[in-house]
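Here is the structure we will look at, set down as structure tokens.
Labels below follow one simple rule: chain letters A, B, ... track the order of the sequence lines, proteins then strands, and each chain is numbered from 1.
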Amino acid sequence: MEIRLREPWPTTVADAVETQLRLRGEVRAVDETPRPVRTVAGVDVAYDRNSPRLAAAVVVLDHTTLEVLETSTVVTTTEFPYEPGLFAFWELPAVVEALRRLRTTPDLLVCDGHGLAHPRRFGLACHLGVLTGVPTFGVAKTVFVGEFVPPASKRGSWSPLVADGEVVGAAVRTRDGVKPVFVSIGHRIDLDTARDHTITLCTKYRLPETTRHADHLSREVLAGRISPSVEG
DNA sequence: GCGACAG
DNA sequence: ATCTTGTCGC
């Protein structure tokens, strides 16, 4: 898929924060997903324990059958330091490169982390959505900002995630009796739709099949058991 | 001021 | 995120 970056990646923390505050004005919180959604892609990155090496993986699934249609992987290094709240700046450059190598443009992107449920309301799911123009949402394993009442233990139960009096996401039970995940919008989708997709994509495990596929592939590539689409 | 802090 | 032993359950 084609992705045109309008500006270079920031290299300092101050520039990164400024970029977030500027780009967050472009986030659209309304459902603009195509109907029907035909393809959905999972995105994840694996890291090396003691080197700046990382592997990004994108896995495109058929939204109906959850069959794998296409994959793309990139092994590279990152310079930006890991800072909570600035996660996108050290993870997204590799992800964007992997997405570029995709033959097809997915209808929907599922991120491993938060979107709106971020201190400045601009987590990596929002950032990736604004950069690509593709509808995105985030499914995170732990809370970053906000409070929630634990949802009922039944799969499909959920409760709002509230930060500063604002609903920024939802705690969603994707499996009976298992810890909830935290869903928030990224771009061109609404929270209800993102929640629906989360339940649809969590068929057997706590996390969406998209995320599980991308997580597994990124680890295999980083370990050298699978060769990447691109190395740089 | 101090601690907490997506992955 | 990554490292790591054992344990519980389908």
Side-chain angles (χ1 to χ4, degrees), chain A residues 9 13 16-17 19-20 23-24 27 42-59 73-96 98 109-131 136-148 153 155 161-164 166 168-172 174-187 191 194 198 202-208 210-225:
Chain A
W9 290 97
V13 167
V17 171
T19 298
Q20 290 184 328
L23 292 183
R24 76 176 177 187
V27 168
V43 167
D44 199 15
V45 177
Y47 307 93
D48 195 307
R49 180 192 171 123
N50 34 43
S51 89
R53 237 167 57 89
L54 57 80
V58 179
V59 179
T73 54
V74 168
V75 171
T76 185
T77 56
T78 181
E79 341 71 41
F80 204 94
Y82 170 69
E83 298 268 351
L86 299 178
F87 191 44
F89 296 95
W90 95 304
E91 175 154 316
L92 286 193
V95 168
V96 165
L109 296 175
V110 183
C111 297
D112 182 36
H114 293 100
L116 236 212
H118 173 278
R120 288 175 292 278
R121 307 293 182 265
F122 196 72
L124 78 165
C126 296
H127 203 145
L128 187 61
V130 167
L131 291 183
T136 59
F137 68 95
V139 179
K141 296 179 283 298
T142 61
V143 174
F144 190 17
V145 293
E147 309 80 43
F148 67 101
S153 61
R155 163 178 156 91
L161 177 64
V162 178
D164 306 309
E166 176 191 4
V168 296
V172 179
T174 56
R175 295 280 290 165
D176 287 3
V178 169
K179 282 191 306 178
V181 298
F182 303 91
V183 177
S184 60
I185 67 156
H187 184 49
L191 185 55
T198 301
C202 294
T203 52
K204 196 168 162 51
Y205 300 94
R206 179 185 176 225
L207 296 177
T210 39
T211 300
R212 288 172 41 77
H213 273 104
D215 178 78
H216 181 253
L217 180 57
S218 64
R219 289 177 200 246
E220 290 296 301
V221 168
L222 190 70
R225 291 188 285 269

Indicate every side-chain donor-acceptor pair of residues 76-89 of chain A with a distance under 3.5 Å to a residue at least two apart or in another chain.
{"unit_1": "A/Thr76", "atom_1": "OG1", "unit_2": "A/Gly232", "atom_2": "O", "d": "2.5"}
{"unit_1": "A/Thr78", "atom_1": "OG1", "unit_2": "A/Trp90", "atom_2": "O", "d": "3.3"}

(message) I'd like to know whether A/Lys141 forms a salt bridge (charged side-chain N to carboxylate O under 4.0 Å, His left out) with A/Asp112, so could you lay out the CA-CA distance, the side-chain angles of the two residues, the decisive distance to 0.1 Å, and finally the verdict.
(response) CA-CA 8 Å; A/Lys141 296 179 283 298; A/Asp112 182 36; 3.0 Å; yes
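- Side-chain contact between A/His127 and A/Phe122 is present, with heavy atoms from C-beta onward closer than 4.5 Å.
- Remark: the backbone N or O of A/Cys202 is paired with a side-chain donor or acceptor of A/Arg155 at under 3.5 angstrom.
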(request) Go along nucleotides 2-7 of chain B 5' to 3' and tag each nucleotide: B for a protein heavy atom under 4.0 Å from its base, S when only backbone or sugar atoms are that close, - otherwise. (result) ---SBB
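- Aromatic ring pairs are classed by plane angle as parallel below 30°, tilted from 30° to 60° and perpendicular above 60°; the pair A/Phe182 and A/His114 is tilted.
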(request) For each nucleotide in nucleotides 4-10 of chain C, reading 5' to 3', give B when a protein heavy atom comes within less than 4.0 Å of its base, S when such contact involves only the sugar-phosphate, and - otherwise. (result) -------
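- At least one donor-acceptor pair under 3.5 Å links the side chain of A/Thr174 to the backbone N or O of A/Arg206.
- Atom CG in A/Leu222 sits roughly 8 Å away from atom P in C/dT2 (whole-Å rounding).
- A heavy-atom distance below 4.5 Å is found between the side chains of A/Val145 and A/Pro119.
- Heavy atoms only, all atoms of each residue included: A/Phe144 and A/Ala117 are closest at CB-O, 4.0 Å.
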